Structure formats: C-alpha cells, structure tokens
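Report on one structure; see the data block that follows.
What you see below is based on every heavy atom in this structure, not just the backbone, and it leaves out hydrogens, waters and symmetry mates. Owing to the predicted nature of the structure, the values given are computational and were not obtained by experimental measurement. Each chain gets a letter, A, B and so on, in the order the sequences are listed, and its residues count up from 1.
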2 protein chains.
Amino acid sequence: MYYDNNFKDCIDCINNENSVFFGLSNDEKKILSQNYTCSKYKKNEVIYKEGDKPMGLICLSKGKVKIFKEGIGGREQIVRMAKPVGFIGYRALFANENYISSAISIEESEVCVLDKASLLKVIKNNGDFALKLINLLAKELGFSNKRTVTLTQKHIRGRLAESLLFLIDTYGYEEDNKTIKVYLSRGDLANLSNMTTSNAIRTLSSFASEKVIALNGKKIIIKDLKMLQRINRLG
Amino acid sequence: MYYDNNFKDCIDCINNENSVFFGLSNDEKKILSQNYTCSKYKKNEVIYKEGDKPMGLICLSKGKVKIFKEGIGGREQIVRMAKPVGFIGYRALFANENYISSAISIEESEVCVLDKASLLKVIKNNGDFALKLINLLAKELGFSNKRTVTLTQKHIRGRLAESLLFLIDTYGYEEDNKTIKVYLSRGDLANLSNMTTSNAIRTLSSFASEKVIALNGKKIIIKDLKMLQRINRLG
DNA sequence: TGCTATTTGTGTTTTAAAACACCAAAAGTA
DNA sequence: TACTTTTGGTGTTTTAAAACACAAATAGCA
C-alpha cells in the first residue's frame, strides 16, 4: 500500500451520483474533500484488520474488496463484498468500536479515507444526509439478518447458488452478459458460502455438469439463471 | 391485542433514561408524545409479522419480545430479543421496507407506536439524535455479523452456551442472582441457537449433569458461569 | 374434572457436510 | 529456467447434527 493524494478518482467518492454524498451542498463537500487521504492497494493487501481502530470513513473508488470475520480456527466468513463507489468500515466507525472484521482487496484497488470529525460535523448539520446513512445501515442490517438464516439453514447447493446470485447482483456481468464480473478463488467462494473449499469446488462442478454454469478458470459463466435461482430457492 | 392509550408506561419510552429519546428537548418530546398509540399483548401474540408494512416506531415499555425470521420449511431463527425500554421493528422502518422478520411477545407486554412522520421530523432537526440512531444501528449490525459467524461455525454446545450468556446479558438474573430472568421454551432456545428442539433439550441436560447449570422447569439456574463462558469460547 | 394438545425427554437411524488424503495444474519467484 | 508454493480437483472416511420415533409430563381447555 502507498499513499498518493493526487489521483482524482477519490473525488468520485464525494461526487459520484451513486455515492451517499451525492446531493450535499458545495460547502459540505468542501469540508469533506479538504480532509482526506488516498492510497492504492495491490491484490490481496490488507486495508484494515479485526481489532484495528477506524481512522475515518473509507471509500473504495476503484477495485473490489472482501470484508470478512475470522471464526473458529481462523476459518473466515465473508460478510460483505464492496465495489466502487462504496464505503467500507463504516459500521465500526459509527458504532465507535474497533473493527470486528477485516478488509482485503481482491484486485488492485484505490481508497480514500475521510476524516471522522469532518464527517460527523456534516451529519450533525444535515438531517437528510443522516437519514440516508440510517437507511444504508438499516438495509445492511437486513442483508445480514437474511444471510444468517440462509447460511445456517440452506444446504450446500442452495448456499452456493445464493452466493453466485449475490455476486451477479453486486458486480454484474462482463460485456458478454453472462460471465460474472469478479474472480474469486474457490476458497473465497467457500468462505462466502460457509463451506469448505473442496465442497465449493465439488458443487461448482456439479452445477457445471448440470449446465447451470460453465467454468473457465476463475471465470464463472451463467448458462441457466432461472435454474440457479431455482436451486437458490429450493435449498 | 387491544388498544389502550391511557396506561402511563408508554411515556417511559420517551422519558426513560435508557431510551434513545433521553436528552431530547421538551418540544421534541411533545411532537413525539402527541402522535402515538398504545396496545397490550398477551403471551404469544403477534406484534407484527414478516411482510407487514411498518406503521411507526414500536417501543416496548413492558414485557419481552422475540424477533425472528422464518427460513427453510418454516424453521425459525430468532435474530433478536427485546426488553423494555427498547425498540422493535425500527430496521424495516428506517430501511423503508416491509418487515423481514416477525415479532411475538413471549410474556404479557405493552408497546406504543410512534408516528413515523413525527419521528423523521425530529431526526432531521436533531443531528445528535440522528447520530444516536446511527450508532444503535451500527451496533446491531455488529451483533448480527458476529451471530452469523458463531451460528455457522460453533458446535452445538458452544452455540447453546452463547445463547445462555446472551440471555443473561439481555435480561439479567432473578433476585437470587443466578436464575436467568426469562423463560423460553426449549423450542425457542433451539430457534435462538440454530438447532433442533431435541438437541437443545439434550445439550441442556448435558450442561446440567456437568453442574454448569441446573434446571427447574423453564427456569435455568447458572451454577458455573466461568465454565459456561469456557464452553462458549472453545465449543 | 377429565380430555386434548403441547412441551419435554430419550433412544436410534440417517445423512449432509467436514475432515482427511492425495495428485494435478497453475502461478509466483529465485 | 527450474523450483516452490498455492490453488484446483477428486475419492474415501468420519462425524456432528438432523430426522425419526415414541414415552412421560405438563399445560391449556371444555
């Protein structure tokens, strides 16, 4: 990781129309944009880890990041996948706690960190913005509650199907409109779906032999979305 | 369930020092207290159910409530337990979604419902209050993420131990300082811990024969808290 | 009060998924 | 380039927990 305050993608975090900051006044944007630092991460670099103290609001302007918790025997559970423009580490920041999860880039990524004090100032003075954050957290909590139930109750095939659908939903497709636009290792796919690596590999092969997907290295091509949704629903 | 706007416990939701509303100005409290309805529920009555549209912020002024999601084959997972003074159903309200979980009283309870519009008005005009809610949601999200990992990774004994510690943490002890102050059925204890009823019964008996707890009907008496915490950590 | 329904409790069987063991392929790296 | 490490892949064994089955006790109810 190295610091670099000069690449302009960081501005995106504040001005991008998909950002929660979209709609802030110029004064407010100025407060935020005067207090940030930027950095780049290569693939598989740690952005923060469990136990660290949040230094600000981290915005992902480029790349992809996995957020996971370590459980029994170091086994990791991916709780979220971040894409640009999006925020990471805001839960701990707003809870005034240290991180309870870790964030690692799964491809080359760029982030900027917005100073906490400036952010709090803007929140306090802008009720609509505060409501947006409340809305964001509430949705995230709903997602987490749903995951708890599916990860504990669905069978392996259902869990993997759900993960694939989640990845499509988060990152979309390549230009061919059928290849999922993210390359996870079998191990990460397993960590996302609460299963062992061998079971992820095995179940992926099953899906492939059933012509639900096709595999090409780390690329996953969706051949039968309806069927995948069906497997997701029925378990 | 029946309506009754005259019992004074409802005022508690706004004035109680443990409430997020504590610290609001009199004007703000007035706005909120002018727009609420109260109701009483007997044991095992539905307060809201999955799919319902939230009508306002529900405050529990008396009693105990379980919040759960239905999963595969109707199997329920308890995601939260509410105590007075506390709020229920706020996630869906703030996410502008229908409920994704259901709430059922596990003993006689009293709730009041604060009008959504009035609440939003107060949030928009009081940044500190908004931050309190952001903090509340962020903590709840942390709890949910932790649960996801422990429910999927811990073994039965560890999961049950964690649930018992969670119940102690939430409801505390009776006057004897060792009986958990909530009476859940074995089925509910199972739904809280992601296991079948028979396994909850079996594991409780194991704990009892190991002198970690003692059982007296639905009463659970903690005999060896250190050991219970140990089982929770290692199990 | 007796009758039904639910909850509690225990033994047995089945099964889904982990654990283990091993090899092949690919990707780093010296 | 060869060498090491990581990732992908597959068969076999083991095991934790569900599923099933059936009493006993308790609670709800007419």
Side-chain angles (χ1 to χ4, degrees), chain A residues 42-45 66 71-77 104 106-108 149-163 182-209 213-220 231 234-235, chain B residues 42-45 66 71-77 104 106-108 149-163 182-209 213-220 231 234-235:
Chain A
K42 286 178 297 199
K43 190 177 169 179
N44 289 323
E45 280 194 293
K66 63 171 173 180
I72 312 299
R75 184 174 152 198
E76 54 185 67
Q77 175 63 52
I104 290 185
I106 58 163
E107 55 179 58
E108 194 171 273
V149 175
T150 58
L151 287 179
T152 53
Q153 295 194 3
K154 276 186 187 170
H155 285 180
I156 275 203
R157 287 170 57 88
R159 297 206 301 272
L160 186 65
E162 181 174 292
S163 289
V182 61
Y183 305 131
L184 282 184
S185 70
R186 305 296 196 249
D188 275 341
L189 208 49
N191 293 339
L192 181 63
S193 318
N194 180 35
M195 62 184 66
T196 53
T197 304
S198 12
N199 275 330
I201 292 168
R202 239 185 280 267
T203 312
L204 275 182
S205 321
S206 301
F207 287 176
S209 70
I213 61 172
L215 296 168
N216 179 357
K218 284 205 201 317
K219 286 188 183 178
I220 298 172
I231 295 171
L234 304 179
Chain B
K42 286 179 298 200
K43 190 178 167 177
N44 288 324
E45 279 195 294
K66 65 171 172 179
I72 311 300
R75 183 174 154 199
E76 54 184 68
Q77 175 63 53
I104 290 186
I106 58 164
E107 57 179 58
E108 195 171 272
V149 175
T150 58
L151 288 178
T152 52
Q153 295 195 2
K154 276 186 187 172
H155 285 178
I156 276 204
R157 287 169 58 89
R159 297 205 302 271
L160 186 65
E162 181 174 291
S163 289
V182 61
Y183 304 133
L184 282 185
S185 71
R186 305 295 196 251
D188 275 341
L189 208 48
N191 293 338
L192 182 61
S193 317
N194 180 35
M195 62 184 66
T196 54
T197 304
S198 13
N199 275 330
I201 291 168
R202 237 185 281 267
T203 312
L204 274 182
S205 321
S206 302
F207 286 176
S209 70
I213 62 171
L215 296 168
N216 181 357
K218 284 204 204 315
K219 286 187 184 176
I220 297 172
I231 295 170
L234 305 179

Under 3.5 Å, N/O pairs linking protein and nucleotides 9-13 of chain C:
unit_1 : atom_1 : unit_2 : atom_2 : d
C:dG9  : OP2    : B:R186 : NE     : 2.9
C:dG9  : OP2    : B:R186 : NH2    : 3.0
C:dG11 : N7     : B:R202 : NH1    : 3.0
C:dG11 : O6     : B:R202 : NH2    : 3.0

Sort me out a list of protein N/O and nucleotides 23-25 of chain D N/O pairs below 3.5 Å, or just none if empty.
none

Can you pull every protein N or O that's under 3.5 Å from an N or O on nucleotides 22-25 of chain C?
none

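Here the P atom of nucleotide C:dA27 and the OH atom of A:Y183 are 13 Å apart, to the nearest Å. The distance between atom NE2 of B:H155 and atom P of C:dA17, rounded to the nearest whole Å, is 14 Å. Taking atom CZ of residue A:F207 and atom P of nucleotide D:dG8, one finds them 17 Å apart after rounding to whole Å. Atom-to-atom, CZ of B:R75 to P of D:dA19 comes out at 7 Å; the value is rounded to the nearest Å. If you measure from atom CD1 of A:I72 to atom P of C:dA18, you get 14 Å, rounded to the nearest angstrom. Remark: P of D:dT5 and CG of A:N44 are 18 Å apart, rounded to the nearest angstrom. We find that CG of B:L160 is positioned 17 Å from P of D:dA16, with the value rounded to whole Å. Between A:N216 atom CG and D:dG8 atom P the separation is 13 Å, expressed in whole Å.
Legend: residues meeting side-chain hydrogen bond (donor to acceptor under 3.5 Å, both in side chains) with A:T203, ordered by chain and number and at least two apart, are absent. Scored by the salt bridge (charged side-chain N to carboxylate O under 4.0 Å, His left out) test, A:R186 finds no partners at all (sequence neighbours excluded). Partners of A:T150 under the side-chain hydrogen bond (donor to acceptor under 3.5 Å, both in side chains) rule, at least two apart in sequence or in another chain, are A:E162. Listed by chain and residue number, A:K64 satisfy the side-chain hydrogen bond (donor to acceptor under 3.5 Å, both in side chains) test with A:E107 (two or more places apart in sequence, or in another chain). In this structure B:S206 satisfies the side chain to side chain contact (heavy atoms under 4.5 Å, CB included) test together with B:R157, B:E210, sequence neighbours excluded. Under the side-chain hydrogen bond (donor to acceptor under 3.5 Å, both in side chains) criterion, B:T152 pairs with no residue, sequence neighbours left out.
Across all strands shown, B:K218 has heavy atoms under 4.0 Å from sugar-phosphate atoms exclusively, and none from any base. Nucleic acid contact for B:R157: none, since no nucleic acid atom lies under 4.0 Å from a heavy atom of the residue.
Comparing the axis of the opening five pairs of the helix from C:dT1-D:dA30 to C:dA30-D:dT1 with that of the closing five pairs yields an angle of 50°, rounded to 10°.
Residues from residues 187-195 of chain A that place a heavy atom under 4.0 Å from any atom of DNA chain C, listed by number: A:N194, A:M195.
Atom CG of residue A:L151 and atom CD of residue A:Q77 lie 5.0 Å apart, to the nearest 0.5 angstrom. To the nearest 0.5 angstrom, A:D188 atom CG is 8.0 Å from A:N44 atom CG. Taking CD of A:E108 as the start and NZ of A:K42 as the end, the distance is 9.0 Å to the nearest 0.5 Å. For the atom pair OG (B:S185) and NZ (B:K66), the distance works out to 6.5 Å, reported to the nearest 0.5 Å.
Comparing atom distances between the A:I156 side chain and each of D:dA17, C:dA17, D:dA19 picks out C:dA17 as nearest. Considering only the side chain of A:R159, C:dA18 comes nearest among D:dA17, C:dA18, C:dA16.
Contact annotation: the side chain of A:I231 approaches that of A:F207 to within less than 4.5 Å [non-hydrogen atoms, C-beta and beyond].
Heavy-atom minimum distance, B:E76 versus B:N191: CG-ND2, 3.1 Å. Residues B:L160 and B:A200 come closest through the heavy atom pair CD2-O, 4.1 Å.
At distances below 3.5 Å, at least one donor-acceptor pair connects side-chain atoms of B:Q153 with backbone N or O atoms of A:I72. Counting only distance, with no hydrogens or angles, the side chain of A:R159 and the backbone of A:N194 share a donor-acceptor pair below 3.5 Å.
For the OP1/OP2 pair of C:dA18 and a distance below 4.0 Å, the side-chain nitrogens and oxygens of A:T196 include at least one atom meeting the criterion.
Checking each of A:T197, A:L204, A:I201 against A:L189 for a side-chain contact (heavy atoms from CB on, under 4.5 Å) leaves exactly one that passes, namely A:L204.
Within the structure, salt bridge (Lys or Arg N to Asp or Glu O under 4.0 Å) contacts touching residues 192-204 of chain A (residues at least two apart or in different chains) do not occur.
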